[in-house]
2 protein chains.
Amino acid sequence: MNKINRKVEYALIGLKHMRSKQPGELTTIKELTALYGCPFEATSKVMQMLAGRGLVRSEQGAHGGYQLVKDLSRVSLYEVMEMVIGPVEIAKCLHGEPGGCDLRQSCNVVSPITLLNRRIIEFYRGLAVGELLDGRVAGPRSQPVELRGLVAEAGHQLSGVE
Amino acid sequence: MNKINRKVEYALIGLKHMRSKQPGELTTIKELTALYGCPFEATSKVMQMLAGRGLVRSEQGAHGGYQLVKDLSRVSLYEVMEMVIGPVEIAKCLHGEPGGCDLRQSCNVVSPITLLNRRIIEFYRGLAVGELLDGRVAGPRSQPVELRGLVAEAGHQLSGVE
DNA sequence: TTTAATTACGACTGTTTTAGTCGCAATTAG
DNA sequence: CTAATTGCGACTAAAACAGTCGTAATTAAA
C-alpha cells in the first residue's frame, strides 16, 4: 500500500548500489547481502520484480547478476513502489470488496480520501529516484497550516530546504 | 505509521459530521455508528483520543457526547494522524532497535529515506483537515518525472487542480 | 561433461500490525 | 434509582509483512 516497506527499501539499496557501477558491470545478490546485510531471498525477489519491469536487466548463470538499465533521474519513486508492492493506495476504502470498505454508500469521507490518495500519488510520481538517492527532494509547496497567516511574510524561509 | 487506517478514517468521519452541527450541539458515538456504520467501540476510542488532545470536547453522562472545539481549517491532517496513530514514520528504519533496522551502520539509503519521511510529514502538515473534507487539496509543485522536459511549456496545465 | 555459481519462482512459516470486541467503571440527566 | 453515555484496559481474530525453504533453470569454467 503506502508505506516504504522492506521491499521498497531493498529496491532502493540495490538501485543505489548498481548506479555506482561502471556500465556493463553486474551486481549479484550475494554482493548486496554482504555489503548491506539484507536477506538473500527477499532481496532476490525484489530484484526479479525490477527485472520483470525492465528497470534492471538480469543475466543468469555463473558470473550472472543484475545491471541498471534506466536513468534513475527519469524514474519516479511511484514507479519503483508500484513495481515491488503494487498500486499505491493510501486507504483501503478505495477499492470495493473484498478487503475494501462496506460503508461506502453512507460514508462521508470517501471523496476526500480519494482525492488525498491522488495527491500522494502525484507526490511520489513527481519524485525522481535519482534525486531521492542524492538527498535532493523538493519540499512541499505549502507551509504548515498552524503558521498560515501568522508569519505570512516569513513563509519563504520555512518552505525551503530546511 | 503512515497509512490512512481505520482510526484516521473514523476520526475524519466524526470530524466532518461534528463540523456540520450547530455550535453547542453534541454528537454521540451511537449517532455516528447509525449514520456511517462504523464500529462503536473503535470509534469511541478514536473520539476519546481526539478529546484527550483537545480537538474535540466530551461531555459525559446521559445526553452526553462530543463537540468540535477547533477550526478545522487551522488543523492539519498531520495533527489528526498523530493524535490517533502517533508520530508519522514512513519506514521503520528511522528509529533504533527494537522494531527498527539493524542494518543502519552499513545502509546506503537511511538518509534518503529520512529526508523523504520529512517531506511527507511536511505535506501532511500543510494540509488542512477543513480543506481536505471540502475536497480542496492543493496538488504537488512538481510534475511527473516521466514528463519533465518533454512537455515543458505545457506543464502548468498538469500541475493545477487536474 | 561435470561442477559451481547464480538467477527464477512457488510454497511455506513466524511475527507484527491492524481491526474489532468484551467487560466494567465513571458520570450525569431524568 | 435507572438509563444513557463516555472512559479505559484487556483480549481475540484477521490481515499484512518479513523472511525462509526447496527446487528448478541457466551459464561459466574446470
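Note that the coordinates shown come from a computational prediction; the quantities given were computed from them, not determined experimentally. Letters A, B, ... are given to chains in the order of the sequence lines, protein chains preceding strands, and every chain is numbered from 1. The figures here come from the full heavy-atom set of this structure, side chains too, leaving out hydrogens, waters and symmetry mates.
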Checklist entry - Over how many whole Å does the gap from A:Ile4 atom CD1 to D:dC17 atom P extend? => result 12 Å
Checklist outcome for this item: Side-chain atoms of B:His63 come closest, of C:dG30, D:dT6, C:dA19, to C:dG30
Checklist entry - Quick one: which of C:dG20, C:dT7, D:dT5 gets closest to the side chain of B:Tyr10? => result C:dG20
Side chains of residues 37-53 of chain B: which donor-acceptor pairs under 3.5 Å do they make with residues two or more places apart or in other chains?
from    : atom 1 : to      : atom 2 : distance (Å)
B:Thr43 : OG1    : B:Pro39 : O      : 2.6
B:Ser44 : OG     : B:Gln48 : NE2    : 3.1

Next on the checklist: Does B:Lys30 reach a base, just sugar-phosphate, or nothing at all? Heavy atoms under 4.0 Å.
Outcome noted: sugar-phosphate
Checklist entry - Side-chain donor or acceptor of A:Lys45 under 3.5 Å from a matching atom on the base of C:dG10? => result yes
If you restrict it to nitrogen or oxygen atoms, what contacts under 3.5 Å exist between nucleotides 24-26 of chain C and the protein, and what is each distance?
none

Next on the checklist: Can you identify which nucleotide, out of C:dT7, D:dA4, D:dT20, has its nearest atom closest to the A:Ala42 side chain?
Outcome noted: D:dT20
Table please: side-chain donor-acceptor pairs of residues 58-70 of chain A below 3.5 Å, with sequence neighbours left out.
from    : atom 1 : to      : atom 2 : distance (Å)
A:Glu59 : OE1    : A:Arg57 : NH2    : 2.8
A:Gln67 : OE1    : A:Arg57 : NE     : 3.0
A:Gln67 : OE1    : A:Arg57 : NH2    : 2.8

Item to check | Path from A:Ile121 to A:Leu115 over hydrophobic side-chain contacts below 4.5 Å | outcome: yes
Item to check | Any residue meeting side-chain contact (heavy atoms from CB on, under 4.5 Å) with A:Thr27, in chain and number order, not counting sequence neighbours | outcome: A:His17, A:Met18, A:Lys21, A:Glu31, A:Leu32
Item to check | Spacing of A:Glu59 atom CD relative to D:dT27 atom P, expressed in whole Å | outcome: 9 Å
Checklist entry - What is the minimum heavy-atom distance between A:Val75 and A:Leu55, and which atoms define it? => result CG2-CD1, 4.0 Å
Checklist entry - Given C:dA19, C:dT7, D:dT6, which nucleotide is nearest the side-chain atoms of A:Ser58? => result C:dT7
Checklist entry - A:Tyr36 OH to D:dG19 P: how many Å, rounded? => result 18 Å
Next on the checklist: Taking any heavy-atom pair under 4.0 Å as a contact, classify A:Tyr66: base, sugar-phosphate, or nothing.
Outcome noted: sugar-phosphate
Item to check | By side-chain hydrogen bond (donor to acceptor under 3.5 Å, both in side chains) - contacts of A:Ser73 (at least two apart) | outcome: A:Asp71
Report, one line per pair, each donor and acceptor closer than 3.5 Å where one atom sits in a side chain of residues 126-134 of chain A; sequence neighbours left out.
from     : atom 1 : to       : atom 2 : distance (Å)
A:Asp134 : OD1    : A:Arg19  : NH1    : 3.2
A:Asp134 : OD1    : A:Arg19  : NH2    : 3.1
A:Asp134 : OD2    : A:Arg136 : NH2    : 3.4

Checklist entry - How close or far is atom C1' of C:dG23 from atom CZ of B:Phe40, stated in whole angstroms? => result 13 Å
Checklist outcome for this item: Whichever of A:Lys7 and A:Ala62 has the more 5' nearest nucleotide on DNA chain D, that residue is A:Lys7
Item to check | Atom-pair distance (CZ on B:Arg6; C1' on D:dA16), nearest Å | outcome: 14 Å
Checklist entry - When the distance from CZ of B:Arg53 to P of D:dG7 is rounded to whole Å, what number comes out? => result 16 Å
Checklist entry - In whole Å, what is the span from the CE atom of A:Met81 to the P atom of D:dC17? => result 11 Å
Checklist entry - Counting side-chain heavy atoms from C-beta on, which of D:dC17, D:dG7, C:dG20 comes nearest to A:Asn5? => result D:dC17
Checklist outcome for this item: Here the distance between atom P of D:dT26 and atom CG of A:Leu26, to the nearest Å, is 18 Å
